[in-house]
Each structure stands twice: as structure tokens, then as C-alpha cells.
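Before any comments, here is the structure.
Numbered from 1 within each chain, the chains take letters A, B, ... in sequence-line order.
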Amino acid sequence: MAELKAWQRTVTCGALRAENAGEEVTVAGWAETIRDHGGVTFIDLRDRTGVVQIVVDLSRNETSEAAHAEAQKIRAEYCISVRGRVVQRIAGAENPHLPTGSIEVEAREIIVHNAARPLPFQLNEDTVTNNEEMRIKYRYLDLRRPAMYRKMWLRHEVVRRVRSYFYKNDFLEIETPMLTKSSPEGARDYLVPYRLEPGLFYALPQAPQQYKQLLMVSGIERYFQIAKCFRDESQRADRQPEFTQIDLEMSFVTQDDILNMVEGLMIEVVDGLAEETGKTILHKPFPRIPYDEAMARYGSDKPDIRFGLELTDCGAILENTQFAVFQNVLKSGGLVKAIRYPGGASLPRSGMDELVNLSREFGAKGFAYFLVDDGGAVTRGPVAKFLSDEEKAAIVTASEAQPGDLVGFIADTKEMTNKVLDRLRRLIGDRLGLIDKSKLAYCWITDFPVFAKDEETGGWTFEHNPFALPQEGHLEWIDSDPARMRAYCYDMVCNGYEAASGAVRIHKPEVQVAIFKKMGLTDEQIEARFGHMLDAFAFGAPPHAGMAPGLDRMVMLLTDDENIREVIAFPKMGGGYDPLMDAPATVEQKQLDELGLRIIEKEPEKKQVI
RNA sequence: GGAGGAGUAGCUCAGUCGGUUAGAGCGCCGCCCUGUCACGGCGGAGGUCGCGGGUUCGAGCCCCGUCUUCUCCGCCA
């Protein structure tokens, strides 16, 4: 340990400047590059604060023979310490690209703490072009890149500011269990077998939802937690099997109180880091858009409002249209909606065909369109001849289409029309460069429906979550018109991502039971799954509401990444595989025996005989 | 579960119409080099073209199957 102490660094690499010239220092870090000129050797030494140039020069400096010999051995990513003097670089040898570029450290002594094998990939290469499995398998190396360190630092800084905000606002930070109970709704659970009674299982929490509501019953009043959540569902670029939520809940508050509290949080954190991230918030206060309006204007409940290109519902205009395709869709309760493609009239034929093909790929039956001529009239495009002049003029006006624009139509079921136009809208916005990447366009989507039709069973399921409080008076419609019911339920959306989700909760047992029953649960099922919640509500549960912004996506937006794995220290790959730890993995037979588990081998897939 | 892209040297990639010994850059190894900072120069090693089968005189390239991976759809209270 004496040696370790003797070689302890006195200063960080990135901190050295011209005014440090003459100082005796010890620096420590990793050799980033080595440039050996025979007589003189330069080593770029990197620690987390930056890079400083080490000069090993036997003839001119105080470099010891031993140090010179040691320097010959050093290769990329060796971990070393260097003792020496900070000196001004000789004239003309300064490096203006380096903050420490005006000085260098003349090495008197060097110690190699640890050699490094040749690396599986080079750290100075662009991270995104590297094989991701390799990056994750050797994540400890990948994280040595300054760009990755910066992401970890930024994430830390977000968390620090989140905590500071909630402490300031009198929230209590409380942890909730990781070993809990499976709830059959929602996502697939990760299960943990219970040793003492084989056949019983814990589940890892999909969210601390029930616990935080119980904390409100406990009178905590203001709770938050940086909470790990687990969902065994298919992966996406913005999803991981385990992820982190900024979970909060408050008692005796209204929906507005929660929205304002979270909006304040986002503004404080994002604005506070604006200098670091280059990201600014586009709209303050965040626009509040009711769900129905969001679906009408954008075809999505998570619209990217960094750009316009809002959709136009042509139902009223085409009420008496002679065009059979549109007529039939409207008669059968579907939607005909239009989107303008600015300048789209000058697309090559192949570009227009592509829109048709994409629409089909997205699930629509087709993509009809017409082109707006220079004079504003509509004479070209496949549907131009099927629509009357009045209809075309009204659509041009309603969609605010300009001469030279293409106006496209999707006519399908309500769901399909919106889904396809949402994707086309984002595609066109991206292609035309309408998106300002430096902006974070937050908005609130409010007034979600309570129920959604379950396509599989034909029954009713919850649109958002089963604990959301129906709005005042809406419970009356639970039998007559459940689709009409709206909840005090809200999402925070940013740049087309769902950034947070929450609701005013039901705190009366009888209301909760009514909702569960509408979802088709029997008394027995309700008791078994949610008996503890209903019990708790029966002991003076306060009105309460909450929300849960996703931390990973938030950081991802701040670092300008399109992949959540970039901002997670040790992420998993698709399928939940972790190549670093090689998890999941088999366990000892003894462990299985203890748990009373027997593995049933997967049946081999039926091979096709040629 | 489905669709599409990718898989060639340690890494990033090229490889034409199916044709001789599969290439480049970086990295690695050796030698040289006193002011570089993507140092430079000379030389060298390094390949189960993901895997299995097929077509063919001949397959990195064509066909079938399969695995891995990325993106998307389904899924994600």
C-alpha cells in the first residue's frame, strides 16, 4: 500500500493549464495514444477529466533511465502514473484542440499499474459504428470513451437535480420492494421462485404503482423514488427489460397540481443542463392537449409537436361525396383524413409510389392523393378526378395546402387511419427537415378514455391503467356508454416519445370495484388480486394522484440518442441477453431442486423436409 | 409470433456477371525515427467469408434451411 500512496495523483489530467507550469505533479490514468519518435516519446494520458501530454525525453529532460525503459513498454490503455514537472510546450508545439494543449508533463518517473491486452475495438472510433454486442460485452472499455463518460455524468446530473427538486418540495424518498406479487394485467412479469414453498413466486415490480398508493394511505402525502421497473416484453430501441422511473405520488392534490409539479421538475432539470446539452424546451408552459384532440390533429396520443403538418378530418367535407371508396369508409364509421406534403407535387413518380407502398406496409389499404397546381387548382393526382371541385377546394382550404403541395388521404377504420397518418406525418416531417433537433417539445396529453375495447375478448379493458379516476359524472355512463368515459389521466410527451404517465387515482373502494367489474373481473378475482388495495382504501384513503416520468428516455433525449442503451451503464441486448455477465444462465441442479423446479426442454421446432 | 436490414482479418468495411492466390483502412508484431498530437517510414503476421446442406467444372456471390444481431409491427396496466 505504501507504493500506492507514494504514487497517488496530486492533480487531474484535465485540470492542468499554462499557469501550472513549473509545478511538480503526479498524474494517473490510461495511455490513450503513444507516439514514439525514437529519442522522444509522447503519451496522451487520459483520466475522466481530460487528456494531458506526457513527454518522455531522455536527452533533454529529467527523465530517468527507468522511466524511459518503462515508457517503451506502454501500449494503448495501460493504466499508469507519471511523476514529473509541468512545463510550457516549446514554441509551435502547442495543441489548440486540447484544453491542456499549452503545457505538457515531463516525465521523471513512470509506473505501470497494469498492462492492457490489445483492445477488442478501438476507443477513439465513433461509438455508433461499432458492433453493439462487442460494446456491451466489453462495456467497461466502452465506458472509458469520453463520450460515454459524459452520458453517465449527464444521467447522474439529472438524477441529482431530480432529487434536489423533490427534497426542496417536501417529498420523502422511500424505497419499495423488488420482490412482490404478480399482477395479471399489463406486461408479462419476471418471476422469482419461492424456495420455502415450491409453486409460489414473487414477481419483480413492473412499477411501484400499488406501493406508492398505499404510501398515500399511510399519510406520507408526498413520495418519490428513482425506481427500477421490470417488464418482460419485446425489446425496442427505447425499451429495456429493466428501466428506471422517476416515480412520484401526492395526496390532497388535483390533476393540475401534479402537472405543474412535474412540469416544474422538467423545466428545472432541462434548463439547468441546457448549456451542457444544447437542448432547450420549445413550449413553456407545456401545451395541454386532450386525448381526443391529439388523435384528431396528429393521429397519435404521443405527437411530435416540434413541427406542424397537422391532419385534416375530411368527414364533413366529403359527407355527400360521389367517390365510392371514401363514401363507403365514411358510411361504415371509418375516417377519411388528409395530410399535406409540402412541395410534394414535385416528387418524382417513384416518390409518390413510395408513399402508397409505405401506407400499405403500415397497414392501410391504400394512399390516395392529389396535387395542388401553381394556381391553387387541383387537376392532377389519382383522386383529383373523383372529387368535385367544391370538395377539392374545401380540402385545400381546410388542410392549408399551398400550391406545389401534395395532399394525401388515408380512408380506413378510425384506428388504422390515425396510425398510418401518424407514421406518414413523422416520416414527412423528418424528410423535409422540419424538425429542430435542438428543441425538446414537451406537451401534456390529458383526458384519456377510461376503457378501451379489447379486440381479443370483445370486452372492455382499461385504456391507460385500472386505477385512474373517472372524471366527475362520467361514472354514470359505465353501462350505457363506457367508451365515452374519460379519466383524470395524463401523459407527458416529448418529441414523439411517451415521457411520463400518470393519473388521479381512485380512492373509493366502490368506484374501484365498479371499474374492475366492467373489465370482467369476478368478485373472487378482484379479492385475490386487489383485495389488499381495497382493504387499504377502506381505512380512510386520501384522494391522491401521481405520475412516473421515465428516466432513461429523458436522458436519451438530452444526449440526442435514439437508443436507450446508450444512456444505461450496463444494458441488455434484444431478448434480455447480457453478453458481459453472460446472463441469463443455467444454475446448479441443487438450486433447482431446492426450488422444486424441473426444466422442460423446449420441443424442437418442426423441421421442414425438402 | 411476423416483416425488413446486417453477418467477410481483432475493429470498420469493400469484394463487379459465379472464375486464378479474398482485399483496404485502422489495430497488432518487428525494425527505424528528437516535437508529435489520427506522428511518420520500412517489413511482417493475421481469414472455418456466421453455421449446415444444395446447384455448378467452379460459390464470399445463386438456392434451401438455421443461428446471431439491429430496426419496425404485434406486445409494452
Using a 4.0 Å heavy-atom cut-off across all strands, classify [X] as base, sugar-phosphate, or nothing.
{"X": "Glu104(A)", "answer": "base"}
{"X": "Ala237(A)", "answer": "sugar-phosphate"}
{"X": "Glu94(A)", "answer": "base"}
{"X": "Ala207(A)", "answer": "base"}
{"X": "Glu463(A)", "answer": "nothing"}
{"X": "Arg117(A)", "answer": "nothing"}
{"X": "Asn563(A)", "answer": "sugar-phosphate"}
{"X": "Glu133(A)", "answer": "sugar-phosphate"}

Exercise. Do the side-chain N and O atoms of Asp412(A) and Thr417(A) include a donor-acceptor pair separated by under 3.5 angstrom?
Worked result: no

Whole angstrom is fine here: how far is it from [atom1] in [X] over to [atom2] in [N]?
{"X": "Gln240(A)", "N": "C75(B)", "atom1": "CD", "atom2": "P", "answer": "21 Å"}
{"X": "Glu233(A)", "N": "G74(B)", "atom1": "CD", "atom2": "P", "answer": "12 Å"}
{"X": "Asp57(A)", "N": "G35(B)", "atom1": "CG", "atom2": "P", "answer": "10 Å"}
{"X": "Asp44(A)", "N": "A38(B)", "atom1": "CG", "atom2": "P", "answer": "8 Å"}
{"X": "Arg239(A)", "N": "C70(B)", "atom1": "CZ", "atom2": "P", "answer": "14 Å"}
{"X": "Phe362(A)", "N": "U71(B)", "atom1": "CZ", "atom2": "P", "answer": "17 Å"}
{"X": "Leu358(A)", "N": "C73(B)", "atom1": "CG", "atom2": "C1'", "answer": "14 Å"}
{"X": "Tyr577(A)", "N": "C67(B)", "atom1": "OH", "atom2": "C1'", "answer": "14 Å"}

Can you tell me how far [atom1] in [N] sits from the matching atom in [M], rounded to whole Å?
{"N": "U69(B)", "M": "G50(B)", "atom1": "C1'", "answer": "11 Å"}
{"N": "G74(B)", "M": "G4(B)", "atom1": "C1'", "answer": "15 Å"}
{"N": "U16(B)", "M": "C62(B)", "atom1": "C1'", "answer": "15 Å"}
{"N": "G10(B)", "M": "A3(B)", "atom1": "P", "answer": "33 Å"}
{"N": "A22(B)", "M": "A9(B)", "atom1": "P", "answer": "14 Å"}
{"N": "G2(B)", "M": "G65(B)", "atom1": "P", "answer": "13 Å"}
{"N": "A59(B)", "M": "G5(B)", "atom1": "C1'", "answer": "23 Å"}
{"N": "U68(B)", "M": "U8(B)", "atom1": "C1'", "answer": "16 Å"}

Carboxylate-amine/guanidinium contact [X] [Y], below 4.0 Å:
{"X": "Asp430(A)", "Y": "Arg426(A)", "result": "no"}
{"X": "Glu77(A)", "Y": "Arg144(A)", "result": "yes"}
{"X": "Glu70(A)", "Y": "Lys73(A)", "result": "yes"}

Give a yes/no answer on whether the side chain of [X] brings an N or O atom under 4.0 Å of OP1 or OP2 in [N].
{"X": "Arg35(A)", "N": "U36(B)", "value": "no"}
{"X": "Arg89(A)", "N": "C37(B)", "value": "no"}
{"X": "Arg565(A)", "N": "U71(B)", "value": "yes"}

Need the pair for [N]. Rule: Watson-Crick or G-U wobble, both distances under 3.5 Å, any strand; none if unpaired.
{"N": "U34(B)", "value": "none"}
{"N": "C75(B)", "value": "none"}
{"N": "C13(B)", "value": "G23(B)"}
{"N": "U68(B)", "value": "A6(B)"}
{"N": "C28(B)", "value": "G44(B)"}

Seminar exercise, completed: Contacts of Ile90(A) and Met573(A) projected onto RNA chain B by closest heavy atom; the upstream (5') one is Ile90(A)

Seminar exercise, completed: Of Gly38(A) and Arg236(A), the one whose nearest nucleotide on RNA chain B sits closer to the 5' end is Gly38(A)

Exercise. Does NZ or CZ of Arg553(A) lie under 6.0 Å from the centre of the six-membered ring of Tyr497(A), at an angle within 45° of the ring axis?
Worked result: no

Which nucleotide, [options], lies nearest any side-chain atom of [X]?
{"X": "Arg75(A)", "options": "U36(B), C26(B), C29(B)", "answer": "C29(B)"}
{"X": "Arg231(A)", "options": "C72(B), C76(B), C70(B)", "answer": "C76(B)"}
{"X": "Pro118(A)", "options": "C28(B), G35(B), C70(B)", "answer": "C28(B)"}
{"X": "His37(A)", "options": "C26(B), C75(B), C39(B)", "answer": "C39(B)"}

Exercise. For the base of U36(B), is there a side-chain donor-acceptor partner from Gln53(A) under 3.5 Å away?
Worked result: yes

If you define the side chain from C-beta out and look only at heavy atoms, does anything of [X] sit under 4.5 Å from [Y]?
{"X": "Arg505(A)", "Y": "Asn465(A)", "answer": "yes"}
{"X": "Ile568(A)", "Y": "Glu242(A)", "answer": "no"}
{"X": "Met492(A)", "Y": "Cys494(A)", "answer": "no"}

For this session: Would you say whether Phe121(A) stacks on C11(B)? The test is a distance between ring centres of less than 5.5 Å and an angle between planes of less than 30°.
Result: no

